[in-house]
There are 2 protein chains.
Amino acid sequence: VFRPGPRPRCRIRLGRGALARLVGDLVQERPAHRWVVISDSTVGPLHGAPLAGSLREAGLAVDTLSLPAGEGAKTRATKERLEDELVRLGAGRDVGLVAVGGGVVGDVVGFLASTWQRGVPVVQVPTSLLAMADAAIGGKTAVNVPGGKNLIGTFHQPWGIYIDPAVLESLPESTYVDGFAEMIKAAVIADSRLFGALVRGMAALRRREVEVLEPLLARCVRIKARIVKRDERESGMRAALNFGHTIAHALEAVGDYSGRHGPAVAVGMCVESRLAQGYRGLPPRDTERLETLLVAAGLPVRATLAGTLDELVAAAYRDKKVREGRVHCALPLRIGRMPPDVTVAVEPDDLRRAATAVIDFAPPTL
Amino acid sequence: VFRPGPRPRCRIRLGRGALARLVGDLVQERPAHRWVVISDSTVGPLHGAPLAGSLREAGLAVDTLSLPAGEGAKTRATKERLEDELVRLGAGRDVGLVAVGGGVVGDVVGFLASTWQRGVPVVQVPTSLLAMADAAIGGKTAVNVPGGKNLIGTFHQPWGIYIDPAVLESLPESTYVDGFAEMIKAAVIADSRLFGALVRGMAALRRREVEVLEPLLARCVRIKARIVKRDERESGMRAALNFGHTIAHALEAVGDYSGRHGPAVAVGMCVESRLAQGYRGLPPRDTERLETLLVAAGLPVRATLAGTLDELVAAAYRDKKVREGRVHCALPLRIGRMPPDVTVAVEPDDLRRAATAVIDFAPPTL
């Protein structure tokens, strides 16, 4: 039987064997009548196809689709092509989608699920550390447009999120390290003890020791899930998750989205940490501790941008977080502590000063 | 001040002067910081531009955009072009959209608003009788794809719906008459006394007598709003609104969406009324009464389709309402009365028999 109706609370399963639990849960609860497993050209053969096979062996009707790997595929055109494929497969309102991959796959497939027949269930199976710690949780979906990152999307809570740290073994080093940016962010905005644990555990984390990683990852996931639960549509507290991201998104926009997200967030946190010193009285010592941990994580704390300061500022003013023509940043009081008002409107001159302290800009062309 | 935060309950204002109230409400409540009025090439000059002018005179920041008139514009490409225009205008998360037009404008602009920066407020200003009685109410948004009507879309409740029957004066006769199909549907599924009132008032309605129209339209709007309020995401009772529409959508799909919606719904109700006789014991006399009222309304009760019966049945099986491979129809017990289970799975042979009683098909090509 296919059981539609009110969506149960999104469940999160984290740990080795999570994918086996996914198969069991889908067989037992049947939130959809048939499934389409969607992955990208890199992750598909590694994790998408085996999962589709397990689901089929368990007796479920399963098709598979693929998108190209990389941020370049996070477009309206990719979504449109997948829609045409769903039409071709004869998928109806009773289909469910399974997103197997990193942040791009999760965002595109989540968005696809939210608008296919006005919304069908999606299961998130994040395979990158960044997606496990952050992107797959919270129901934000989006694609990029030439004018900005994540400008078109929805809020659509997944039916479930299944996180198996075992899949991290196959990640390239740089992709793995990217995830630390969001884990460190979670600690800065909500949990100073987690920050300390990340400092102590970083060497083991770099060696991908699952016994160290799993409990720390679980704390990051809980932080995000707790914030999202209180504020699903980002009217207040959820904005805390944007720490570092106003600048990160501007960096990514100037860089045309071709770079990695982790380094952009790392550098963005360094800039916004300086803003927090001015606007929130964040101790300069906390900026130093943040930078030390980022370096230990293999992430940059300085950047050279193939663009000008004016371009970066202009990009920040095109961000979703602009309200009434002013750039808003989520700035902490100190590591582990956000103020109740979360975001603050930042003056352009302060933005320029903080960015210049962290980023080298291309010389203006004459 | 721009006041984001929890969306207030969607308000519906119906009556002459509704557009003036819209201006006052937006000035007073400021659900967005700036506005983009979006209309189509036909309605824009008549109602979109004057409304944009009134909003500007009241001190609001207003831009205008336009889409081509007609169902052919209800596409992903149109939405994408409007998104590019919003980027060009520098619209942020603090923009609100005002949809001025018929069902196509409402559906496209509602969908646009639901995914622009993950959702911004939309105000619906329906200018066709069909949109006033039905399409603008309930938060369903969508575009068509080659594989089917309304396959891609969202549920996104408007911030407000402003209905001024005075704008109906400028409607072409056939567009005006289309609206009766949804008004009659509302009566059939929920209110036998409204059905009687429509029978008695039809001559005056055809003459567009606003004093007769306004209270009857208000009853249709209340029926729809009440059903939607109880069942926003169509898990149960809302499906009642689909009476006539399983067949209507199949007719439109075979006809490539170039026809009017009203006649498709009228013919769809005639087919599904026959199904209701078999599946619900609807009195044949009720089918006759329905057909008599449709004829009085200037709507068809028989059709000739430029396609085969097989094509129609195949199109019905591609509908969103297909679950577990079976076509579901919302079938009444009698005029004014739906059963609690609302929809029923219809056998292909019964579908064929009912369709053949109402529709002439093109002879199969040899």
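Letters go in sequence order (proteins before strands), and every chain restarts at 1.
Residues B:Arg11 and B:Glu29 are in side-chain contact: their nearest non-hydrogen atoms beyond the backbone lie under 4.5 Å apart. In this structure, A:Val143 and A:Asp107 have side chains that are not in contact, with every pair of non-hydrogen atoms separated by 4.5 Å or more.
For the residue pair B:Thr115 / B:Lys79, a side-chain donor-acceptor distance below 3.5 Å is found, with atom types taken as modelled.
Looking at A:Tyr317, there are no atoms closer than 4.5 Å to chain B (heavy atoms on both sides), in backbone or side chain.
Ranked by heavy-atom pairs under 4.5 Å with chain B, the list A:Val87, A:Thr141, A:Leu112 is led by A:Thr141. In terms of heavy-atom pairs under 4.5 angstrom with chain A, the leader among B:Arg34, B:Glu83, B:Arg318 is B:Glu83.
In terms of heavy atoms, B:Arg81 sits closest to B:Pro68 at NH2-CD, 4.1 Å.
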